[in-house]
A.B. asks: 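This structure is in structure tokens; I'll ask about it shortly.
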Amino acid sequence: MSFGDVEQMFRDFLDEDTQQTVKTAVPSDRPDVFTHVWRSGGSASNRVVERPILTITAWDTSATRAHDRLQECRDAVMNRYGRMPLVRRVEEITGPYWDPDPDTNLPRYSMLIRPTVRAARAPVTTP
């Protein structure tokens, strides 16, 4: 059993489900409009289940659009997480909150979620 890259799992899911540009790292040439997901904490409950904490942040050129981008992500992770085979549930830690970028002052909204993620079975190898 091994835990997968939960950041990449949620990035791929949100990128496809919301049709947004989703990154797991803030690009050095940061665009004005994008969504960022990263693991900001959490731990394994046992060898089979982990409960990471993920931060999802949406930037846009207006506060309304940044809010709407994050709400779209919120809707996806709360209602369609079942499309990710190893995700068993998603708990919201904080709903969307105003979080303007301190470097650029661009509008952004953030939220924290705690998914319950099952480890993947290791492939069986024969000698």
Side-chain angles (χ1 to χ4, degrees):
M1 306 292 278
S2 64
F3 295 114
D5 183 344
V6 73
E7 287 178 339
Q8 191 66 41
M9 183 185 314
F10 274 80
R11 191 215 69 84
D12 292 347
F13 167 72
L14 288 171
D15 194 58
E16 181 180 320
D17 190 88
T18 66
Q19 301 296 302
Q20 294 184 26
T21 300
V22 182
K23 306 283 188 184
T24 57
V26 177
S28 58
D29 60 340
R30 177 178 31 217
D32 289 347
V33 178
F34 78 103
T35 302
H36 180 211
V37 60
W38 76 97
R39 185 175 182 148
S40 47
S43 62
S45 299
N46 54 50
R47 68 183 188 89
V48 180
V49 174
E50 72 169 335
R51 300 195 64 223
I53 296 171
L54 298 176
T55 302
I56 303 170
T57 301
W59 276 260
D60 211 310
T61 55
S62 82
T64 300
R65 286 193 300 273
H67 178 267
D68 291 350
R69 288 176 66 80
L70 190 63
Q71 285 288 58
E72 189 177 7
C73 292
R74 182 187 200 192
D75 180 58
V77 299
M78 298 305 291
N79 295 306
R80 294 183 294 282
Y81 67 84
R83 294 180 184 168
M84 294 178 281
L86 298 175
V87 177
R88 298 299 186 249
R89 66 179 270 196
V90 173
E91 171 189 0
E92 187 174 83
I93 296 174
T94 63
Y97 60 91
W98 174 240
D99 185 24
D101 187 301
D103 297 328
T104 64
N105 210 31
L106 276 172
R108 73 178 183 187
Y109 274 82
S110 296
M111 66 181 291
L112 279 77
I113 60 170
R114 181 177 309 152
T116 300
V117 183
R118 190 179 194 305
R121 296 188 190 283
V124 177
T125 57
T126 55

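Counting from 1, the numbers follow the sequence of the chain as shown.
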A.B. asks: Return the set of residues passing side-chain contact (heavy atoms from CB on, under 4.5 Å) with Val48 (not counting sequence neighbours), or none when no residue passes.
C.D. replies: Met1, Asn46, Arg118
A.B. asks: What pair of heavy atoms forms the shortest contact from Asp15 to Thr21, and how long is it?
C.D. replies: OD1-CA, 4.0 Å
A.B. asks: Checking Ser43 against Arg51: is there a side-chain donor and acceptor pair closer than 3.5 Å?
C.D. replies: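 Judged by distance alone, the side chains do not pair up.
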A.B. asks: Heavy atoms, side chains only, cut-off 4.5 Å: are Ile93 and Ile53 in contact?
C.D. replies: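 A side-chain contact exists here, since the closest heavy-atom pair is under 4.5 Å.
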A.B. asks: Is Arg88 reaching over with its side chain to a backbone N or O of Pro85, donor-acceptor style, under 3.5 angstrom?
C.D. replies: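 Pair found, side chain donor or acceptor close to backbone of Pro85.
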A.B. asks: Phe34 versus Asp60: any side-chain heavy-atom pair under 4.5 Å?
C.D. replies: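 No, side chains not in contact.
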A.B. asks: Do the non-hydrogen side-chain atoms of Leu54 and Pro115 ever get within less than 4.5 Å of each other?
C.D. replies: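 SC-SC contact between Leu54 and Pro115 confirmed.
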A.B. asks: Is it true that Thr35 and Gln20 share a donor-acceptor pair across their side chains at a distance under 3.5 Å?
C.D. replies: yes
A.B. asks: Side chains of Asp101 and Trp59: any donor to acceptor distance under 3.5 Å?
C.D. replies: yes
A.B. asks: Show every donor-acceptor pair shorter than 3.5 Å between a side-chain atom in residues 105-114 and any protein atom, with sequence neighbours excluded, or say none if there are none.
C.D. replies:
| residue | atom | partner | partner atom | Å |
| --- | --- | --- | --- | --- |
| Arg108 | NE | Asp99 | O | 2.5 |
| Arg108 | NE | Asp99 | OD2 | 3.4 |
| Ser110 | OG | Thr57 | OG1 | 2.8 |
| Ser110 | OG | Asp99 | OD2 | 2.7 |

A.B. asks: What are the two closest heavy atoms between Ala58 and Leu70, and how far apart are they?
C.D. replies: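 So the minimum-distance heavy-atom pair works out to CB-N, 3.8 Å.
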A.B. asks: Just so I know, are the side chains of Gln71 and Pro96 near enough to count as touching, which here means a heavy-atom distance under 4.5 Å?
C.D. replies: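 Gln71 reaches Pro96 side chain to side chain.
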A.B. asks: Counting only pairs under 3.5 Å, give me each side-chain donor-acceptor contact of residues 5-12, with atom names and distances, residues two or more places apart or in other chains.
C.D. replies:
| residue | atom | partner | partner atom | Å |
| --- | --- | --- | --- | --- |
| Asp5 | OD1 | Glu7 | N | 3.2 |
| Asp5 | OD1 | Gln8 | N | 3.1 |
| Glu7 | OE2 | Arg39 | N | 2.6 |
| Gln8 | NE2 | Asp12 | OD1 | 2.8 |
| Arg11 | NH1 | Val22 | O | 3.2 |

